[in-house]
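Keep in mind that what you see is a predicted model, and the values were worked out from it rather than measured. When reading the values below, keep in mind they use all heavy atoms of this one structure, side chains included, and skip hydrogens, waters and symmetry mates.
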Amino acid sequence: MLRGFLWLALLFALVAIAVSVGVERTQLEERLDAERQREAIRAVEVVLYRTSPPELGDGDRVADALTRLAEELAPPDAPYRARRRALRLYELIALASGMDDVGYALPDLDLLRAEWEKQRDSLFAPAPWFGRSGAVDAQTKRPAIVDPRDVTRLRHTVRRLEQLANAGEQEARELGEPAYDSAAPGAAGRVQIERWNAWARRWNERIDDALRELPPPPPFDAELALVLAHQNTSRAAHELRLVPIGVGDWQTPFQYSWESRFRAARDLLEEQRAALASAPD
C-alpha cells in the first residue's frame with residue numbers, strides 16, 4: 001500500500017513538473033523577437049539608460065517612445081493577441097507621462113527603468129543589446145563624444161529632408177485628390193492613379209538619396225540632444241515615406257492624409273534643426 005502511494009505521489013510530481021516546464025516553455029516561445037522592434041525599443045532606452053542626470057520632459061519622452069512601440073506591436077488591423085500584448089505597455093505609459101505633470105520634481109528614471117525592464121522582459125526574448133539598471137550605475141557620467149563629422153552629416157540630412165518635404169507637398173498638391181469613383185475609376189481615374197504611383201516610386205528614391213549621408217545612431221550615452229535629433233530625423237523620414245501610402249496599384253490618397261504626414265515630418269525636422277544649431281562641430 002505504502003509503495004503504491006509513493007509511486008502515485010511520484011507520478012503526480014512528474015506531471016506537475018512537466019506542466020510547469022510546458023507553461024514556462026510556452027511563455028518563452030510567446031515572447032517576441034526584439035530585433036523587429038529594435039529601433040522603437042532603442043527610442044525608449046536612450047532616455048532611460050543615458051548617463052546624464054534626469055531632465056524635465058524625460059517622462060513625456062519615454063511615454064511618447066512607449067506609445068510608438070505599442071502602436072508597432074498592435075497596428076489597427078492587429079489580431080487580439082497582439083493588442084493584448086501592447087496593452088501591457090499602457091500602464092507604464094501612464095506612469096511615465098504622469099511624472100511630468102509634477103512640474104517641480106524631476107522624473108524618477110530609476111522607477112521607470114525597473115518597470116520598463118519588467119514589461120520588456122515579459123514581452124521580448126532576451127537580446128544582448130538590452131539596457132540594464134546595474135549598467136547605468138557603473139557607467140561614467142560624462143557623455144560619449146560624437147564625431148563632429150557625424151553632427152555635420154546629420155545637419156545636412158535634416159536640411160535635405162526639409163527641402164524634400166517642401167517640394168513634395170507642392171507636387172502632391174498638383175497631382176490632386178481622387179477625381180474619380182473609387183469603385184469604378186474608369187480610364188481617367190486609372191491615368192490619375194498611375195501618375196500618383198509613378199510619382200510615389202520617384203519619391204521613395206529621393207528619400208533614399210536624402211538619407212545617404214545620415215550617420216549611424218550615436219551611442220546611448222552621447223548628449224541627449226544628439227541622440228534625439230538622430231532618432232527624430234529618422235522618424236521624419238518615415239513620415240515622408242508614408243505620404244504615398246504605397247507603390248503599386250494604389251488609389252490616389254486624399255489631401256488630408258498626405259498633408260498630415262508632411263506636417264508631422266516638418267515639425268520634427270524643424271525641432272531637430274534648432275537642437276543641432278548649438279551642437280559642437
Practice item. Identify whether the distance between the nearest side-chain nitrogen and carboxylate oxygen of Glu213 and Arg160 falls below 4.0 Å. Key: no
Review point. Is the shortest distance from a Lys or Arg side-chain nitrogen in Arg266 or Glu162 to a carboxylate oxygen in the other one below 4.0 Å?
Key: no
Point to revise | Electrostatic pair Asp58:Arg50 at N-O distance under 4.0 angstrom | key: yes
Practice item. Answer yes or no: is there a side-chain heavy-atom contact under 4.5 Å between Tyr90 and Leu66? Key: no
Review point. With no hydrogens and no angle check, do the side chains of Trp129 and Glu45 hold a donor and an acceptor under 3.5 Å apart?
Key: no
Point to revise | Heavy-atom side-chain contact between Ile41 and Trp116 under 4.5 Å | key: yes
Review point. Should the heavy atoms of other residues, nucleotides or ligands under 6.0 Å from CD of Glu72 be counted, would the total exceed 12?
Key: yes
Review point. Are a donor atom and an acceptor atom from the side chains of Arg88 and Ser122 found within less than 3.5 Å of each other?
Key: yes
Study note, to complete from the structure: Shortest non-hydrogen pair, Arg241 vs Asp208, comes out as NH2-OD1, 2.5 Å
Check your understanding: Do Phe124 and Gln119 have side chains that get closer than 4.5 Å, going by heavy atoms?
Key -> no
Point to revise | Smallest separation among heavy atoms of Pro215 and His230, with atom names | key: O-NE2, 2.6 Å
Check your understanding: Just wondering, do Arg235 and Asn232 contact through their side chains at under 4.5 Å, heavy atoms?
Key -> yes
**Study point:** Salt-bridge contact Arg173-Glu259 (side-chain N to carboxylate O under 4.0 Å)
**Key:** yes
Practice item. Provide the closest heavy-atom pair for Glu239 versus Ala265 in the form atom of the first, atom of the second, distance. Key: CB-CB, 4.1 Å
Point to revise | Nearest atoms (heavy-atom pairs only) where Val243 meets Pro253 | key: O-CG, 4.2 Å
Review point. If we only count heavy atoms from C-beta on, is the Leu89 to Thr67 side-chain gap below 4.5 Å?
Key: no
Check your understanding: For the atom pair CG (Asp121) and CZ (Phe130), what is the distance rounded to the nearest 0.5 Å?
Key -> 6.5 Å
Review point. Does the pair Arg113/Asp108 count as a salt bridge with the N-to-O cut at 4.0 Å?
Key: no
Study note, to complete from the structure: Correct closest heavy-atom pair for Ala236 and Leu268 would be N-CD1, 3.8 Å
Review point. Quick one: side-chain contact (heavy atoms from CB on, under 4.5 Å) partners of Asp147, sequence neighbours excluded?
Key: Arg149, Asp150
Exercise for review: First locate atom CG of Leu242, then atom OG of Ser257, and finally report the distance between them rounded to the nearest 0.5 Å.
Suggested key: 9.0 Å
Check your understanding: Of all heavy-atom pairs between Arg195 and Leu175, which one has the smallest distance, and what is that distance?
Key -> NH2-CD2, 3.5 Å
Review point. Is Glu35 salt-bridged to Arg42, going by a charged N under 4.0 Å from an acidic O?
Key: no
Exercise for review: Give the intermediate values and the outcome of side chain to side chain contact (heavy atoms under 4.5 Å, CB included) for residues Asp209 and Leu164.
Suggested key: CA-CA 10 Å; Asp209 187 60; Leu164 188 59; over 6 Å; no
Revision key, fill the gap. Taken to the nearest 0.5 Å, the spacing of Leu211 CG from Thr233 OG1 works out to 9.5 Å
Review point. Do NZ/NE/NH1/NH2 and the carboxylate oxygens of Arg61 and Asp64 come within less than 4.0 Å?
Key: no
Check your understanding: Phe262 vs Trp258 aromatic rings, parallel, tilted or perpendicular, using cut-offs 30° and 60°?
Key -> perpendicular
Review point. Could you give the distance from CD (Gln255) to CD (Glu169), rounded to the nearest 0.5 Å?
Key: 8.0 Å
Point to revise | Ile193 with Val191, same ILVMFWY side-chain cluster at under 4.5 Å | key: no
Review point. Under a 4.0 Å N-O cut-off, is there an ion pair linking Glu171 with Arg206?
Key: yes
Review point. Side chains of Tyr49 and Val44: closer than 4.5 Å at any heavy-atom pair?
Key: no
Exercise for review: State, yes or no, whether a side-chain contact exists between Leu226 and Leu276 at a heavy-atom distance under 4.5 Å.
Suggested key: yes
Check your understanding: Do Arg273 side-chain atoms and Arg159 backbone N/O form a donor-acceptor pair below 3.5 Å?
Key -> no
**Study point:** Between CG on residue Leu228 and CD on residue Gln272, distance to nearest 0.5 Å
**Key:** 7.5 Å
**Study point:** Side-chain heavy-atom pair Gln37, Leu69 within 4.5 angstrom cut-off
**Key:** yes
Review point. Which residues pass the salt bridge (Lys or Arg N to Asp or Glu O under 4.0 Å) test with Glu115, sequence neighbours left out?
Key: Lys118
Check your understanding: Going through the checks in order, is the side chain to side chain contact (heavy atoms under 4.5 Å, CB included) test met by Arg31 and Leu123?
Key -> CA-CA 5 Å; Arg31 287 194 285 179; Leu123 283 168; over 6 Å; no
